[in-house]
Amino acid sequence: MSTAPQLVVHRDKELMAQAAAARLITKIVDAQASRGSASVVLTGGRNGNGLLAALAAAPARDAIDWSRLDLWWGDERFLPEGDPERNVTQAREALLDSVPVDPKRVHAMPASDGPHGTDVDAAAAAYAEELAAAAGPENHGPVPTFDVLMLGVGPDTHVASLFPELPAVRETDRTVVGVHGAPKPPPTRVTLTLPAIRAAREVWLLAAGEDKAQAAAIALSGAGEIQAPAAGAYGRSRTLWLLDGAAASQLPRSLYPPASA
Ligand SMILES: O=C1O[C@H](COP(=O)(O)O)[C@@H](O)[C@H](O)[C@H]1O
């Protein structure tokens, strides 16, 4: 069942990143207190990396028990290990190299020079197996119930590497698929599918900047998920859109009424 999107609009992208980082710290600490460990799905892109950098700079990051945190990725650019364009490389630079994560719990998606070579479909299948192995009986499916799954919203409404109208966004069975011919470079990618995304307790969509305004307005105005993948991303208990004022500037008034004078 889909959860209706809730919106939080911050003044600008810096404040949005700081507030989202504070929110994420609280979620992780709460999950660790109630379930022993936490699992978070990271996103690539400018807004996702901005959040990770804000988290790295937040003194409260030390409230997290980094050894009891599983990190997964929503998508990856299928490039060689260490390539600066890989989402995991950027996450390491923004945060992971400066906190004591357990390397065994950092579940990066395969690289194009990894065990599956350049076979992106085999790489996707391997990541699906890794997710399935981490899912317990309480998860009722082939992926863990992630505590928080974050998605940067692209200017074309893509989330993860689910681009409008491409086969990956139509996938209803597999949890991870290879993407061929993505309109944003690089063309070859690995992505979670909508069914995997919807296994998360909370899905957070991040959109900051003027170039995200139209995408946010389309996705939040009843568009279909094939044409606007962000519209199909929701969590089991909560779907949260975290925006800045620029990204919220084209939202219908019914969703984001202008402040009264
Ligand atoms: O390529 C990607 O882009 C999106 C959005 O990136 P942004 O820079 O426009 O914020 C991101 O969500 C995705 O993870 C990434 O691979």
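When a ligand or atom number is given, it counts from 1 through the structure's own listing order.
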Not counting sequence neighbours, list each pair that qualifies as a ring-ring contact (aromatic ring centres under 6.0 Å, His included) and has a residue in residues 14-46. none
For ligand 1, which part of L206 has a heavy atom less than 4.0 Å away: the side chain, the backbone, both, or neither? neither
Part of R77 with heavy atoms under 4.0 Å of ligand 1, whether side chain, backbone, both or neither: side chain
Protein contact of [atom] - nearest heavy atom, named by residue and atom, plus distance:
atom                    : result
atom 3 (O) of ligand 1  : K184 NZ, 2.7 Å
atom 12 (O) of ligand 1 : G152 O, 2.9 Å
atom 4 (C) of ligand 1  : H158 NE2, 3.1 Å
atom 10 (O) of ligand 1 : K212 NZ, 2.8 Å
atom 16 (O) of ligand 1 : D75 OD2, 2.6 Å
atom 9 (O) of ligand 1  : R46 NH2, 2.9 Å

Would you mind running through ligand 1 and noting each atom that sits below 4.0 Å from a heavy atom of T43? 11 (C), 12 (O), 14 (O)
Residue G45 vicinity, atoms of ligand 1 by number, heavy atom under 4.0 Å: 6 (O), 7 (P), 8 (O), 10 (O)
Would you say Q227 has more than 12 foreign heavy atoms packed within less than 6.0 Å of its CD? yes
Of R105, K104, R35, the one forming a salt bridge (Lys or Arg N to Asp or Glu O under 4.0 Å) with D70 is R105
Does a salt bridge link D75 with R189, judged by any charged N lying under 4.0 Å from a carboxylate O? yes
N-O pairing of D97 and R92 below 4.0 Å: no
Under a 3.5 Å threshold, yes or no: a donor from one side chain and an acceptor from the other, between Q32 and D65? no
Side chains of S67 and D102: do they bring a donor and an acceptor to under 3.5 Å? no
Test item, [X] contacting ligand 1 (heavy atom, 4.0 angstrom):
X    : result
A160 : yes
R189 : yes
L151 : no
V159 : no

Could you give the distance from CG (L51) to CG (L95), rounded to the nearest 0.5 Å? 9.0 Å
Backbone N or O of G141 within a donor-acceptor pair of the N139 side chain at under 3.5 Å? no
Any N/O of G44 closer than 3.5 Å to an N/O of ligand 1? yes
On a heavy-atom basis, which atom in R236 and which in R198 lie closest, and how many Å separate them? CG-O, 3.6 Å
